[in-house]
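Everything on this sheet refers to the single structure shown next.
Quick note on labels: first sequence line is chain A, next is B, and so on, each numbered from 1. Bear in mind the structure is a predicted one, so any value in this text is a computation, not a measurement. These numbers come from the heavy atoms of this one structure, side chains and all, not from hydrogens, waters or symmetry mates.
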Protein chains: 2
Amino acid sequence: MTVQHLERKPVPGRRATIGDVAELAGVSKQTVSRAINDKGEIGAATKERVLEAARSLGYRPSRFARGLRLQDSVTVGLLLSDVTNPYYPEVASGVLEVAEDRGWHVVVGDSRGDRRRELEALQVLARQADALIGQCSSPDEELARELPGVPIVLLDHPPGHRGHGSVRIDFTSGMRQAVDHLVLDRGRRRIGVLEGTPRANPATERRLSAEQRLREHGLPAGADWTAHAVSHTVAGGEAALAELLTARPDMDGVVCYNDQIAIGAMRELKRAGRRVPADVSVIGFDGLPLGELVTPSLTSVHIDKARLGRLAVQEVARLLADPTAPPVPDAPVVHPELVVRGST
Amino acid sequence: MTVQHLERKPVPGRRATIGDVAELAGVSKQTVSRAINDKGEIGAATKERVLEAARSLGYRPSRFARGLRLQDSVTVGLLLSDVTNPYYPEVASGVLEVAEDRGWHVVVGDSRGDRRRELEALQVLARQADALIGQCSSPDEELARELPGVPIVLLDHPPGHRGHGSVRIDFTSGMRQAVDHLVLDRGRRRIGVLEGTPRANPATERRLSAEQRLREHGLPAGADWTAHAVSHTVAGGEAALAELLTARPDMDGVVCYNDQIAIGAMRELKRAGRRVPADVSVIGFDGLPLGELVTPSLTSVHIDKARLGRLAVQEVARLLADPTAPPVPDAPVVHPELVVRGST
DNA sequence: GTGAAAGCGCTAACAA
DNA sequence: TTGTTAGCGCTTTCAC
């Protein structure tokens with residue numbers, strides 16, 4: 001008999017463990033550990049033999065065993081409502097940037113804009129993450145109930161809620177800038193509002209802020225001057241603008257929930273024979289790179305989305321450092337900034 | 001000595017364990033486990049008491065301990081070269097879709113287009129993932145050396161390589177469609193090529209395929225008719241087109257590495273006083289949604305990027321099921337398809 | 001330079 | 001219904 005059988009092949013379904021490597025190399029588990037992790041205290045020849053054994057078995061250390069032992073690995077879960085929404089890549093890049101700096105991992109999930117899915121997705125993420133970041137439409141109490149003990153940082157969260165971390169966007173200031181631009185710089189007086197879906201938390205806040213500012217200028221505002229976009233997309237914006245234009249054919253300006261809706265509005269206006277911005281001024285919100293590419297390019301209230309992501313991770317760090325910390329009265333705030341382009 | 005230490009409070013920095021909960025509730029760890037995991041075999045009153053104890057301690061089960069014990073959790077790492085590249089969201093959505101179906105987690109990383117970072121990022125991901133998916137510019141041997149034993153599925157990988165899983169895109173067919181459209185449908189005869197960065201694996205393949213087809217039509221092709229985009233972005237496309245236009249002022253068509261470069265080309269052409277498509281036809285590659293929004297809208301060779309992502313996860317599943325499986329001669333292929341719009 | 005033993009936090013199997 | 005035991009795969013003592 002030969003000793004060929006010492007060359008145990010990796011059986012499909014069962015991964016080699018440190019014990020397998022130790023046995024094959026004829027050393028203790030400890031020695032294998034030293035070789036794999038490149039510690040000192042090991043002979044060069046031994047190390048080589050161990051590494052060779054590991055290679056031949058296709059050995060990889062179990063991340064669970066290592067994580068359990070070392071307790072130094074942090075993973076944060078990022079829940080998006082729709083990965084393909086161009087709003088998110090910059091947020092994600094901010095999250096990834098800070099996570100990388102800290103040596104943290106990031107797991108992502110997509111709720112596909114569905115409330116039920118959202119909770120499920122959060123729960124799935126929570127199984128793999130120490131804390132969560134997300135733009136959630138579920139009420140705070142529901143989150144607290146369904147995800148007990150899980151630190152959550154909410155993006156774009158209206159103020160006044162407790163029990164979770166959050167990062168705020170100053171929509172009031174943003175919408176004031178948008179409305180002021182249309183009214184003061186462009187002299188528009190009949191301004192419509194294209195609101196987001198009723199579900200979205202920040203939708204109402206954006207609309208209310210816009211309406212308030214319109215009224216402060218002595219201009220009409222309210223349901224008559226508002227249309228809901230069914231989705232926060234170009235198509236949603238097209239449909240919403242068509243609806244609004246029917247009710248208000250004399251409209252000379254539109255404030256939009258976000259850039260995609262604004263681009264849809266511009267397209268629909270052109271289709272209806274209106275010139276932008278000669279007849280109607282359009283202004284978006286978010287400041288997507290996309291806005292520079294359409295014709296005319298889109299004026300928008302720019303949000304530093306990468307900063308939003310970075311701040312969110314920092315909030316997670318705060319929560320993780322002291323889970324018993326009280327909810328902070330003033331969450332970090334991102335301040336929007338008007339960027340004027342061709343559509344107004 | 002007192003026994004006060006039995007009442008271990010949740011010290012910031014130390015998370016409560018199942019033992020802490022058991023102790024506080026006055027039951028065994030096993031009973032706590034039953035309560036937490038909603039198994040039967042536990043009295044209602046006991047369960048309530050345990051859950052209350054868990055709540056008050058802010059207890060969450062350790063994912064490492066659970067993962068170690070249950071051995072049923074799969075995580076795949078997705079490495080992107082730049083999260084903010086609009087090519088990726090659809091790929092990611094495909095990956096997430098299949099991952100969700102299988103109950104797998106997805107961790108993401110961003111190499112920021114840097115080769116050094118790429119390897120580091122892959123290694124970081126590998127610490128948390130059972131397998132990796134990525135569009136990698138590192139040579140295969142380097143991947144195998146730096147990530148021993150890690151199953152990797154490469155996106156957009158040229159054929160003929162071994163040792164990793166891969167998903168292919170049929171660039172030859174795609175570029176043939178692009179060139180044929182310009183030549184046969186639009187009658188263009190002086191066609192430039194805007195290539196991607198030299199680093200990018202698929203860049204050369206796309207260019208070669210385009211040049212080959214151009215020559216098959218008896219048209220000139222080669223270095224004289226090619227410009228490199230420094231980055232796969234709109235700005236990169238603008239610069240590259242400017243360069244190409246200087247060398248070939250009589251150019252009447254451009255085939256581009258991707259849609260962003262194509263959009264940059266269109267902008268630069270307009271700036272140079274050329275009409276698109278009257279004077280010059282432009283065609284992109286990838287079929288980003290973005291292409292519909294620019295004016296004129298962009299003709300492009302559409303790739304089903306979500307499918308690419310889905311196939312990649314399926315390849316991962318194959319690799320994971322049998323790590324010893326031989327490299328498959330014919331990797332799954334995504335077939336590009338021409339979508340004609342206004343720019344040609 | 002190397003090995004033996006203990007234990008990280010959890011759950012399956014079995015015992016009571 | 002509840003508790004005890006064992007062990008998942010790894011690394012950190014502490015011996016040798």
Review point. Judged by modelled atom types alone, do B/Glu315 and B/Ser166 share a side-chain donor-acceptor pair under 3.5 Å?
Key: no
Exercise for review: Compare the minimum distances between each of D/dT4, C/dT2, D/dT11 and the side chain of A/Thr31, then state the nucleotide with the smallest one.
Suggested key: C/dT2
Review point. What is the distance, rounded to the nearest whole Å, between atom CG of B/Asp72 and atom C1' of C/dC10?
Key: 13 Å
**Study point:** Nearest-nucleotide comparison on DNA chain D, the residue closer to the 5′ end among B/Gly43 and B/Ala65
**Key:** B/Gly43
Point to revise | Separation of atom CZ in B/Phe64 from atom P in D/dG7, rounded to whole Å | key: 24 Å
Exercise for review: Calculate the interatomic distance between A/Ile42 atom CD1 and D/dT11 atom C1'; express it in whole Å.
Suggested key: 14 Å
Check your understanding: Considering only D/dC10, D/dG3, C/dG3, which nucleotide approaches the side chain of A/Ser28 most closely?
Key -> C/dG3
**Study point:** Options D/dG3, C/dG1, C/dA12, nucleotide nearest the side-chain atoms of B/Val27
**Key:** D/dG3
Point to revise | Minimum-distance nucleotide to A/Ile18 side chain [options: D/dT12, D/dG9, C/dC10] | key: D/dG9
Review point. Is there a donor in the side chain of B/Glu118 and an acceptor in the side chain of B/Ser138, or the other way round, less than 3.5 Å apart?
Key: yes
Exercise for review: Decide if atom CZ of A/Arg112 counts as having more than 12 heavy atoms of other residues, nucleotides or ligands within a radius under 6.0 Å.
Suggested key: yes
Check your understanding: How long is the span from the CZ atom in A/Arg15 to the CD atom in B/Gln71, to the nearest 0.5 Å?
Key -> 9.0 Å
**Study point:** C/dT11 phosphate, OP1 or OP2, under 4.0 Å from B/Ser33 side-chain N/O
**Key:** yes
Exercise for review: Could you tell me whether the phosphate oxygens of D/dT5, OP1 or OP2, come under 4.0 Å of any side-chain nitrogen or oxygen in B/Lys29?
Suggested key: no
Point to revise | Side-chain donor/acceptor contact of B/Arg34 with base of D/dG3 under 3.5 Å | key: yes
Point to revise | Distance, rounded to the nearest Å, where B/Gln30 contributes CD and D/dT1 contributes C1' | key: 12 Å
**Study point:** Whole-Å gap separating C1' (D/dT12) and NZ (A/Lys39)
**Key:** 8 Å
Point to revise | Rounded interatomic separation in angstrom, taking CD from A/Gln71 and C1' from D/dG9 | key: 14 Å
Practice item. Would you mind reading off the distance between B/Tyr59 atom OH and C/dG9 atom P, rounded to a whole angstrom? Key: 10 Å
Review point. Quick one: do A/Arg63 and B/Asp130 make a salt bridge, cutoff under 4.0 Å?
Key: yes
Study note, to complete from the structure: By nearest-heavy-atom nucleotide on DNA chain C, the more 5' of B/Glu41 and B/Leu68 is B/Leu68
Check your understanding: A/Arg69 CZ to D/dT13 P: how many Å, rounded?
Key -> 8 Å
